[in-house]
Amino acid sequence: MAELLLELLSEEIPARMQINAASNLLNDIVIELENRNIFFKNKRYFCTARRLTIVINEIDQYTKEQIEEKKGPRVNAPSNAIEGFLKSMKLETINDLEIRDIKGEATYFFVRKNSSIETGLLLTEIISKILHEFKWPKSMRWDSDKIRWVRPLKNILCIFNGEILKVKFGHFIANNISYGHKFMSKNISFTVNDFDDYNRKLYDSFVILDQNERKKIIKTACEKIATEKNLIIKEDDNLLNEVVGLVEWPNVICGKIEEKFMHLPKEILKTAMKTHQRYFSMEDYNGNIGAFFITVSDIKTSNDQIIIEGNEKVLRSRLADAEFFWNIDLKVRLIDYKSKLSQIIYHEKLGTMLDRVERIKNLSFYLNESIIADYNIIDRSVDLIKCDLLTNMVSEFPELQGIIGKYYAIENGEDARTALAISEHYLPKGQQNDLLPTMLESGIIAIADKIDLITSLFSINEKPTGSKDPYALRRAALGIIKIIIDKKLSISLNNLISHSIELLAKQKIIITNYLTSEILVFFIDRLKYYLRAENIGSDIVDASLSNFDLIYDANLKARYLAIFLETNKGKEFLSLYRRIANIIGNDHINNKNIDDKYLVEKEEQILVAQVVILETEILSLIKKQDYESIFLRILSLSKYIDEYFKNIMVNCADEDIKRNRVATMLIIKNLFDLIADFSLIVNK
Amino acid sequence: MSLSFQDMILTLQNFWKNQGCLLLQPLDIEVGAGTLHPATSLRSIGKKDWRVAYVQQCRRPKDGRYGENPNRLQQYFQFQVILKPAPEDIQNLCIESIRSIGIDTNKHDIRFVEDDWENPTIGAWGLGWEMWCDGMEVLQFTYMQQIGGIECDVIPGELTYGLERLAMYIQNIDHFKDIIWNDYENEKDKVTYGDLFLQNEQQSSAYCLEYADANMLKRHFKDAETEALILIEKNLFLIAYEQTLKACHIFNILDARGVISVTDRASYMSRVRSLAKICCEKWIENNG
């Protein structure tokens, strides 16, 4: 039982690529072992900024002897069949073949014994091949080698069963040497016997090999600092993983943010710290940002204060920039930027940002006609929503658009709701904990903004494709759907789209005939996606969307339908529905006229009477979107249908009676179809 | 006492001279980065070895802040180094070079943080890092992969130092105008960066952001482009490259003036890029 240890030492690997690369490298090797039936016990991968390391233990030192068999033609088969077989097995004569008796027929067999090979020899070839074919998201060449790697390689270490495996890659031949921390050990080199030896010598030269261990060290140290300062650190796994990949010997240190910058909004402080500097920030229990930052140094010195001061200085310049922008931007009132929006082109074919703002306002008022939120807030907010795009701060931190506008509005003394609407109109942003606009006013503006985005870009044929959606139109449509459902808005999607298109037409933007239906189809697709993501089966989703113009209604219907069909009674109902549909079959009968004179049986009369009552009730319940009651009511009808089928045969001899009975079936089915298209529900 | 600005330049020049770099002078045409100097752009493609170091004054019209932002300048100095082929110990040389200007790398946190560089206007890109010292970028280190759309046969290492930022770090000051340019005995002999360049920074910001004549510049762009194409026909590709750089700078001013729409920007950039591409191809044809 042998251990394989492989290390690829290079110049710094981008943090975001390390884990995937190490894991892929391990997988590639493991697959090759498994394909050859070579067993092993444990497999692990490690990565640092400079290394990818693989260790696999208890590997079979020899492959198993393998016997390969291939059945050929019968001995008395035509000669060209036998020749063909020999050729395909790359043999010369039939003397190389065995003859076996298969069910009384003498048959040729080709049998090959693969003798067992030293795994070490195999691995040398395998690893070399894997390295040559290894795929990085971005790779490069360097010096005169033809090989590609993410960054220039420095050394390859490869030991199997205590011996060096001379893996070849470019001009590199693997050895048993590794190197310690670049600065703290002055890149000291040492020879290695096995993984434990390697790991220990790395630790002694200030390298923590295991990324999980570094992560734990950093996390613990951060929490300790936060506790000491009576602050909390919010989870930020992305930043943490990146920082883990930037250091081999994490030294977590804390610096101060200068008081004079603390008046800046916390989003600005956080972005300045996180995006470029990769600092962790902290908050107090009220959500205010703490006047400290945490960074992870890759060196521990006798006087870390020097490093802290260096970092404080860098942060000071970044915040001085932000402070500068803050002051210069606030020299102008936010509203005064509005007229300048005529100088920003929204899109070459679609006019200016000012045009767009005017359309958004028109759409917001249009939506507000039925929703009745605060007209004045909507009016003022729309005037301001895109103004911050002209500020220096947003040029510097484009990810803060909307948020900057909110703060500048507050500084200008605008109504607090107006300020909030500016930042909220961008929601939802398509992130994990997807926040939605909290106010009705911002919800309306958000919908107006997104629908204008969608119709305008569709109108110039900038639709999303399978792989590309540069304007994030899918997210925009999904956003509209989520807002409508969240705020329970009764908006006709069709009318909204048409209105939006009308506004574009007024600005002389060319509209094609099919634009409205194209966009509707786009929305249906997003609504289906939304409902499926809420764990509603796709057949139920399809059944509910027969009339989806009112998104909120479709959403309610789908949910209740899903619940209904889970119940036993619901399942019984479905059988009844199918039975009725089968009876009607493919006869495209339109006869829904019931002639009372031919209702001969008691059950028929009762059923028809019930159906008539139910029809009016259902129509009114649908209007009220009371799906709970709707499904209860159709369940009550099921009882009568059951009785009917127990005693009545629809396909009877008498034509008049039969015609009546089929008409009854049709009326019932149509009634159910008003609710949902049950024929689309899949048999489970 | 930390190094003055001019001594910092002298020290870096000396350091790289000792590594076998030719010390060249800056290009006398407006450029946005030291990479655009033919000593980097053209020499990075083709098979010949090449080591140079030079100062390059760079202009980025969009970054003008009238000299009021303590860290942001429209015109600033880069120190540019090309080592082709990139030597095996190039990272060490980077570290040594900043030791030479007074940074004790055993007391500071030095790291290489992923930053791939690209300049789509001349069809160039490379993979590399920012070298950080206590969280501050001291230099950009790139293994160039492609220029003018042409693959680099021999991979050069490009090092670019932001001299003002470095000086502010070493001299421990907070505003660029306070950078000390020279050594002095008496206070009255002290010359600062602001003494030399503040007025220029104010006026060129005003020019690029407010007063530049957009229509005239658009005409000039067309002229430079037309001239470049004519010169290429005549196989005067080096001079065509100069015209390409002029066109590029004119575009940068137009962009700073805010008179270019999103689609126009893509079009301007692609026109400059195709000129750059042809110049690079001609260079290779003639110099291999």
Side-chain angles (χ1 to χ4, degrees), chain A residues 11-17 49 138-144 150-152 154 182-184 186-187 245-247 251 253 255 276-279 295-299 301-304 306-318 320-321 324-325 328 343-349 392 395, chain B residues 62 65-66 68-72 85-88 90-92 95 103-116 125-137 141 143-145 151-157 165 168-169 172-175 258-264 266-267:
Chain A
E11 293 181 357
E12 282 75 353
I13 305 169
R16 64 201 162 84
M17 294 182 195
K138 265 181 173 179
S139 67
M140 55 177 279
R141 286 176 35 238
W142 69 99
D143 67 40
S144 50
V150 65
R151 293 287 186 277
K154 295 289 179 209
K182 196 186 287 201
F183 292 97
M184 292 187 69
K186 303 205 199 316
N187 211 33
L246 285 173
V247 295
N251 176 19
I253 51 185
H276 198 263
Q277 299 300 124
R278 277 75 155 189
Y279 294 160
T295 185
V296 184
S297 158
D298 192 24
I299 190 174
T301 67
S302 51
N303 183 11
D304 285 343
I306 295 178
I307 300 176
I308 294 175
E309 277 168 17
N311 276 284
E312 284 176 347
K313 191 168 153 57
V314 180
L315 185 58
R316 194 156 55 238
S317 344
R318 293 217 172 270
D321 271 357
F324 175 81
F325 298 136
I328 212 180
Q343 293 167 16
I344 303 187
I345 304 288
Y346 161 49
H347 189 291
E348 194 198 28
K349 298 182 192 151
N392 288 294
S395 290
Chain B
K62 265 191 146 167
R65 300 281 184 273
Y66 303 88
E68 284 161 19
N69 181 314
N71 302 297
R72 197 70 58 101
E88 207 262 334
I90 188 170
Q91 272 195 351
N92 274 340
I95 296 167
I103 298 176
D104 184 347
T105 56
N106 290 319
K107 297 206 172 119
H108 295 275
D109 176 28
I110 309 287
R111 280 189 272 158
F112 291 88
V113 180
E114 179 201 7
D115 188 43
D116 297 337
W125 66 277
L127 300 181
W129 309 267
E130 290 178 356
M131 190 170 96
W132 282 14
C133 176
D134 297 341
M136 184 186 80
E137 178 193 338
F141 171 175
Y143 287 105
M144 301 297 280
Q145 301 287 298
E151 294 272 330
C152 297
D153 257 324
V154 178
I155 304 291
R165 185 186 291 144
M168 284 168 73
Y169 183 77
N172 200 21
I173 47 172
D174 289 324
H175 197 298
V259 297
I260 305 188
S261 73
V262 170
T263 8
D264 282 348
S267 158

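Throughout, protein chains are lettered first and strands after them, A, B, ... in sequence-line order, and every chain is numbered starting at 1.
Proximity of A:Phe324 to B:Arg65: side-chain heavy atoms (C-beta onward) are separated by under 4.5 Å at one or more points. A heavy-atom distance below 4.5 Å is not found between the side chains of A:Lys154 and A:Asn187. In this structure, the side chains of B:Met131 and B:Ile95 come closer than 4.5 Å at one or more pairs of heavy atoms. Two residues are said to be in side-chain contact when any heavy atoms from C-beta on lie closer than 4.5 Å; A:Arg151 and B:Glu114 meet this criterion. Proximity of A:Thr301 to A:Ile307: side-chain heavy atoms (C-beta onward) are separated by under 4.5 Å at one or more points. In this structure, the side chains of A:Leu246 and A:Val296 stay at 4.5 Å or more apart for every pair of heavy atoms. Counting only heavy atoms from C-beta outward, the side chains of B:Trp132 and B:Asp109 never approach each other to under 4.5 Å.
At a 4.5 Å heavy-atom cutoff, the contact between A:Val247 and chain B is made by side-chain atoms alone. In this structure, the portion of A:Thr295 lying under 4.5 Å from any heavy atom of chain B is its side chain and not its backbone. Only the backbone of B:Asp153 comes within less than 4.5 Å of a heavy atom of chain A; no side-chain atom from C-beta onward does. At a 4.5 Å heavy-atom cutoff, B:Ile103 makes no contact with chain A through either its backbone or its side chain. Heavy-atom distances place the side chain of B:Glu130, and not its backbone, under 4.5 Å from chain A. When heavy atoms are compared at a cutoff of 4.5 Å, B:Ile110 approaches chain A by way of both its backbone and its side chain. With a 4.5 angstrom heavy-atom cutoff, B:Arg165 does not touch chain A via any of its atoms.
Of the listed residues B:Met136, B:Glu137, B:Lys107, B:Gln91, the one with more heavy-atom pairs under 4.5 angstrom with chain A than any other is B:Gln91. Comparing A:Arg318, A:Arg16, A:Glu312 by how many heavy-atom pairs each has under 4.5 Å with chain B, the most go to A:Arg16. The candidate from B:Asp115, B:Ile90, B:Asp116, B:Thr105 with the greatest count of non-hydrogen atom pairs under 4.5 Å with chain A is B:Asp116. Ranked by heavy-atom pairs shorter than 4.5 Å toward chain B, the options A:Met184, A:Gln343, A:Arg278 are led by A:Arg278. Ranked by non-hydrogen atom pairs under 4.5 Å with chain B, the options A:Asn251, A:Ile299, A:Ile13, A:Asp321 are led by A:Asp321. Note: B:Gln145 leads B:Gln145, B:Lys62, B:Met168, B:His175 in heavy-atom pairs under 4.5 Å with chain A.
In this structure, a donor-acceptor pair under 3.5 Å is absent between the side chains of A:Asn392 and A:Ser395.
For B:Tyr143 and A:Trp142, the ring centers are positioned 6.0 Å apart or more.
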